[in-house]
Amino acid sequence: MRKADIQTGATVDFQAVGRSFGKLDVLKDFSLAIAAGEFLTLLGPSGSGKTTALNMIAGFLQPTSGDILIDGKSIASLPPERRNVGMVFQNYSLFPHMNVFDNVAFPLKMRRASAQLIKEKVEKALELVHLADYAARMPTQISGGQRQRVAFARAIVFAPRVLLMDEPLGALDLKLREHMQLEIKRYRDEIGCTMIYVTHDQGEALTLSDRIVVMNNGRIVQIGGPEEIYDRPANRFSAEFIGENNILRLQPNGKAGHWVIEELKQPFASPAAAGPAPQALSIRPEKIARLKAGEARGPGSIAFDATIAEILFFGDVIKYSARLADGALIKFKEHRAAATSVMRVDQSVTLAFAPGDAVLLADE
Amino acid sequence: MMMNEQKQARSEGSAFWLLVPAILLLIGLFGYPLLKVLITSILDPGFTLAHYLRILDRPIYLTVLARTVEVSLIVTALCFLLGYPAAYYLAHCPPRLRTYLFLLILLPMWTSLLIRSYSWIVVLGKNGVINLGLIQLGLIAEPLQMLYTTGTVYLAMVQILLPIMILTCYGVMIKIDQGLVRAARVLGASAWRAFATVYFPLSLAGVSTGAVIIFILAMGFFVTPALVGSRQDIMLGNLIETQINQAVNLGFASALGLLLLAATIAVVMLFRAVMRWRFSHASV
């Protein structure tokens, strides 16, 4: 399918959208402007409201307050079939009584396209997902990964300007998931529509997205590009939810911009940040280095002693969990090329990190 | 692999024994009597086709057979028209309400067919509840003739057979993934088209199971038409009953019984062939 065949993406605007079920607010004051052609991921644990937001774009749910606009026009009064958005579901939702061709042809038939046009477009869509030879198969006769590709072809065959994906890889095993991430990247390069992706898998979010919206308890916690979200979590929730992280508590030291790291009993200084007073800092496991015997710590770096408590061997990477003097655990990892040898449990180590790699966090 | 296959074959073999009691029961209580009926219909006392020729000789038998098929088809269709929406409601209503509704549907099934047929006489008879009520209200002067009409036969048969359609449809509907209907909607189908192209075809398995069971049962009805129908409403079952209890012509009764069985099988097979054709040509 060539880019020229497909309209460009539409903008999607959430304007102070709220949704409650009885007394439960699943989405609160949700405002978000999604650019045309953007790949945006709603990332959060279950119950964070991400699927609710997606279902409101699809038209399965109505907002209890606020408005949603596609290309500047309110879609509040449109039933799902008139919103012209494509959607891929976690459990594929292929029609079991139709073969692959008829499944992909469904949106076109609903739009009363001619048989000739249907044939053309379905073939192109199946080519895009590399399933051209499977048109006559029934959904039960193809694998899980193939089903999800059919679902994808079905969602884009009518050239929607917005494509919604609700945990589309959730039902696949790890290997297939990684492969499908690459596939989705390829699709997005070939079709120009706006893609809104819902997942609780932070790895998927980091790999695929232009922007990530981190959600928790029906609210937006942070919005940013993958690097920004990973490197500069805005708060404790982001820091813990995305990637592995160590959270260390800070006690104010009287002076502005000075604290004591509770677990390490060491001073920590940083130019006083604006906003709410930080209560903790986060430091990524890969930013913590092990000092070899006799090696001097870098100037200004924070060093401390610990005992290896757990070792997870991943082949290329070794993840360690080390116990600090006060009993707390701290995670760090080493690439095997750099590591001289795998350590053993109970071995004493000296660890260090540069204050600049730590991120100050306000509780939220 | 060999080991596995052998193991599997053995477990299938041992599982087969679970079927043995059922098979013995069927052979003893169904296969053998059926064979006996077949023999009775052609040996009286020596080999004869007289009973079958008699069926063809007088039009009454084939006329009654045709009416039996017609009544059964109409009853099946009525059960579908009334039962499908009810089953849909049950499959999509709040679970608490569903429990009570199920009780209401199942309660009549626990009541004897004879009692249910007789109770129509109490309800619809000349001095029945409805007629007396209407007269008391002054809406009618003379009692209405409701009992002993064709309509009442349909009414009574549908009342007896309807729960079967509701239950078989419900059993299939409750398993239909609602996500499929939502997928159809967002992909461009209106609520009605999503139902017609996705939900209904997926629920057809329940409809056809229910329809086949109801049709087969309806073909064998004789108590209800005899109690609430007019003389014109007799079904083949009534003729068979007369041959057994009044004429005591077991040979002819057996021949009529096999005719009923053959007609039932023929219609059911035709129905299934149509359904299969419909499925293989499933299209939006």
Any chance you could measure [X], atom [atom1], to [Y], atom [atom2], to the nearest 0.5 Å?
X	Y	atom1	atom2	answer
A:M87	B:R182	CE	CZ	6.5 Å
B:Q178	A:F60	CD	CZ	11.0 Å
A:M110	B:R185	CE	CZ	12.0 Å

Counting heavy-atom pairs under 4.5 Å to chain B, which of A:P79, A:G86, A:A105, A:P80 comes out on top? A:P80
Between A:A58, A:A155, A:P107, A:G59, who has the most heavy-atom pairs with chain B when the cutoff is under 4.5 Å? A:P107
Side chain from CB out, backbone as N, CA, C, O: work out which of these in [X] comes under 4.5 Å of a heavy atom of chain B, or both, or neither.
X	result
A:L164	neither
A:N99	neither
A:R154	both

[X], [atom1] atom: more than 12 neighbouring heavy atoms under 6.0 Å:
X	atom1	answer
A:Y134	OH	no
A:F21	CZ	yes
A:R186	CZ	yes

When you look at A:K109 and B:T197, which way does the side-chain contact (heavy atoms from CB on, under 4.5 Å) test go after all the steps? CA-CA 11 Å; A:K109 286 182 181 170; B:T197 56; over 6 Å; no
Go through it in stages, so that I can follow the logic: the residues are A:F95 and B:L202, the test is side-chain contact (heavy atoms from CB on, under 4.5 Å), and I'd like the CA-CA distance, side-chain angles, deciding distance and then a yes or no. CA-CA 9 Å; A:F95 304 127; B:L202 291 176; over 6 Å; no
Given side-chain contact (heavy atoms from CB on, under 4.5 Å), test A:F89 with B:D177 step by step and report yes or no. CA-CA 12 Å; A:F89 301 85; B:D177 176 8; over 6 Å; no
Verify side-chain contact (heavy atoms from CB on, under 4.5 Å) between B:L180 and A:L94, making sure each step is shown before the conclusion. CA-CA 7 Å; B:L180 295 175; A:L94 294 183; 5.9 Å; no
Indicate yes or no for a side-chain donor-acceptor contact from A:R111 to the backbone of B:L187 under 3.5 Å, with no hydrogens or angles considered. yes
Examine whether an atom of B:A184 lies under 4.5 Å from a heavy atom of chain A, and if so say whether it belongs to the side chain, the backbone or both; otherwise answer neither. both
